[in-house]
Chemist: 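Structure provided below as structure tokens; questions to follow.
Just the heavy atoms: all of them, side chains too, but no hydrogens, waters or symmetry mates, feed the values below. Note that the structure is a prediction, hence the values are computed from the model and not measured. To find a chain, count down the sequence lines: A is the first, B the second, and so on, and within it residues start at 1.
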2 protein chains.
Amino acid sequence: MSVAVILYHRGMSRWQPDARGRLQLAAMELYVERGFEQTTVVDIAERAGLTERTFFRHFADKREVLFLGQDELQELFVSTIAQAPDDAAPLEAVAAALQAVATEFEPRRRWSQERQRVINANPGLQERELIKLAGLSSAIAATLRDRGVDEPAASLTAESGISVFHIAFQRWIAADNTREFSQLITQSLAALKVVTAGG
Amino acid sequence: MSVAVILYHRGMSRWQPDARGRLQLAAMELYVERGFEQTTVVDIAERAGLTERTFFRHFADKREVLFLGQDELQELFVSTIAQAPDDAAPLEAVAAALQAVATEFEPRRRWSQERQRVINANPGLQERELIKLAGLSSAIAATLRDRGVDEPAASLTAESGISVFHIAFQRWIAADNTREFSQLITQSLAALKVVTAGG
DNA sequence: AACATGATGACAGCAACTGACATCAGTGGG
DNA sequence: CCCACTGATGTCAGTTGCTGTCATCATGTT
């Protein structure tokens with residue numbers, strides 16, 4: 001609170017702007033500096049110039065702060081699939097969405113690596129990541145159903161798409177990788193087709 | 001502790017047997033009766049005639065008690081895949097494991113339904129379920145790699161197998177289902193092949 | 001009989017999260 | 001110009017999940 005108090009009475013608005021963004025930044029910094037478990041919510045709130053209670057007004061829990069922007073990602077997936085030509089096969093529509101998402105990620109490789117290092121170091125964060133991916137999968141399946149795809153094809157296509165995304169993402173952020181995300185998705189998708197082609 | 005105290009001095013062993021099993025039973029009962037969040041660890045321990053501290057000696061956390069037996073499941077997956085003929089395609093080996101697991105589950109449909117109702121009612125439990133499935137996927141991928149399958153084919157095959165398992169499982173425990181688990185797996189696997197068959 | 005072991009209990013403590021109420025700048029009607 | 005209202009934040013007390021540490025004590029071993 002100190003910062004707000006110091007700057008107060010100067011004609012500025014009552015609170016420092018973008019509390020949520022400040023909390024996210026502070027959390028990310030601390031998670032990288034000391035690790036997730038070694039960071040308390042009080043630490044985060046203090047660095048952001050806020051209180052613990054306010055943190056929990058902006059984020060459901062200590063993990064959720066790493067998953068801001070998930071809604072936009074899901075929106076991009078869904079709208080891209082919805083816009084695919086009517087005669088596109090389900091997996092083609094999903095593939096188009098994967099490419100759109102890859103384009104969005106491409107300029108943020110370093111940030112993705114840093115964030116993923118934090119997540120990979122903590123099982124609780126991995127759980128949260130998995131349930132977010134499952135949420136994406138459900139949304140994709142629902143969109144496919146809207147396009148007339150029936151079950152279990154819709155869910156299987158969605159889960160396959162998420163698998164391709166997940167595996168391509170891991171390869172994209174690998175330390176020794178120099179390929180583009182979009183290319184890795186194309187490769188993984190092709191590999192999936194080969195693997196499921198048998199008998 | 002009351003039960004143990006009452007029965008004490010009668011020539012029985014010092015502690016009631018199978019503390020872990022009693023804790024699991026008590027937890028399951030309470031989760032079904034009042035729901036997961038409405039049940040405290042103290043409640044569980046008391047019903048089992050033990051203390052909270054002892055609960056945490058047997059289970060890493062309040063969720064883990066619903067996932068006892070996960071190791072055996074993974075072992076069944078892995079050993080079945082490892083035993084597949086050398087010339088079996090990766091997805092065929094995984095399919096054989098899925099059938100083996102289905103056979104194991106078949107007699108416990110009611111129990112599976114009850115357990116899944118508890119899990120579906122709580123996001124935290126769904127997270128735990130997802131990370132267990134991810135663990136299975138990793139183990140399967142590792143086994144496939146031992147068989148000479150390279151990446152990303154191994155991981156993609158493993159994740160596809162888990163998708164098929166997951167979707168077939170949901171259909172198997174659906175209230176209106178009368179088919180056998182094994183048959184639903186065969187269907188889902190066929191649907192996966194159709195879905196990924198496109199040019 | 002002395003000793004080691006292993007499962008449990010007892011107790012203190014931290015940190016995540018929640019509910020209830022207070023504060024107070026900005027806003028808009030009267 | 002005042003006043004009621006709103007909304008973001010602060011304050012505080014409380015519950016619960018989970019951990020560290022030490023004590024207890026039947027059992028098995030030597």
Chemist: Tell me whether R57(A) is salt-bridged to E52(A), with the criterion being a basic N under 4.0 Å from an acidic carboxylate O.
Modeler: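 No, no charged N to carboxylate O under 4.0 Å.
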Chemist: Under 4.5 Å between side-chain heavy atoms, chaining through other members, with only Ile, Leu, Val, Met, Phe, Trp and Tyr counted: pull out the rest of the cluster around L130(A), sorted by chain and number.
Modeler: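 Via sub-4.5 Å side-chain contacts, L130(A) links to I131(A), L130(B), I131(B).
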Chemist: Would you kindly give the CZ-to-P distance between R22(A) and dA8(D), to the nearest whole Å?
Modeler: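 Answer to the nearest Å: 14 Å.
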Chemist: For DNA chain C, determine which residues of residues 56-71 of chain B have any heavy atom closer than 4.0 angstrom to one of its atoms, and list them numerically.
Modeler: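 Heavy-atom contacts with DNA chain C come from R57(B), H58(B).
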Chemist: Establish, with yes or no, whether the OP1 or OP2 oxygen of dG10(D) is under 4.0 angstrom from a side-chain nitrogen or oxygen of T51(A).
Modeler: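 It does, given that an N or O in the side chain of T51(A) lies less than 4.0 Å from OP1 or OP2 of dG10(D).
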Chemist: Is a side-chain donor or acceptor of K62(A) paired with a backbone partner of F36(A) at a separation under 3.5 angstrom?
Modeler: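 Yes; at least one donor-acceptor contact below 3.5 Å.
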Chemist: Would you say T54(A) reaches dG10(D)'s phosphate, i.e. side-chain N/O to OP1/OP2 under 4.0 Å?
Modeler: yes
Chemist: Kindly assign one of parallel, tilted or perpendicular to the pair F181(A) and F105(A), based on the angle between their ring planes and the thresholds 30° and 60°.
Modeler: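 Geometry flag for F105(A) against F181(A): perpendicular rings.
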Chemist: Output the rounded distance in Å from CZ (R34(B)) to P (dT16(D)).
Modeler: 11 Å
Chemist: If the condition is side chain to side chain contact (heavy atoms under 4.5 Å, CB included), which residues does V194(A) pass it with, not counting sequence neighbours?
Modeler: none
Chemist: Work out which heavy atom in I44(A) is nearest to a heavy atom in L23(A); give both atom names and the distance.
Modeler: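 Residues I44(A) and L23(A), closest heavy atoms: CG2-O, 3.7 Å.
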Chemist: How many whole angstroms separate atom CG of D18(A) from atom C1' of dT9(D)?
Modeler: 15 Å
Chemist: Roughly how many Å is it from CD1 in I44(B) to P in dT16(D), rounded to a whole number?
Modeler: 13 Å
Chemist: To the side chain of R53(B), which of dA16(C), dC12(D), dC11(C) is closest?
Modeler: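 Closest nucleotide among those given: dC11(C).
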Chemist: dT23(C) P sits how many Å from L50(A) CG, rounded?
Modeler: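 The distance from CG of L50(A) to P of dT23(C) comes to 20 Å, rounded to the nearest Å.
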Chemist: Whole-Å distance between dT8(C) P and E46(B) CD?
Modeler: 17 Å
Chemist: Whole Å only: how far is the CD atom of E52(A) from the P atom of dA8(D)?
Modeler: 20 Å
Chemist: Could you tell me the separation between the CD atom of E37(A) and the C1' atom of dA16(C), rounded to a whole number of Å?
Modeler: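 To the nearest whole Å, that distance equals 13 Å.
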Chemist: In sequence, state the C-alpha distance, the side-chain angles, and the governing distance for E33(B) and R47(B), and then conclude on salt bridge (charged side-chain N to carboxylate O under 4.0 Å, His left out).
Modeler: CA-CA 13 Å; E33(B) 285 173 21; R47(B) 180 168 295 204; 3.0 Å; yes
Chemist: In terms of side-chain heavy atoms of R14(B), which of dT8(C), dA26(D), dC18(D) is nearest?
Modeler: dA26(D)
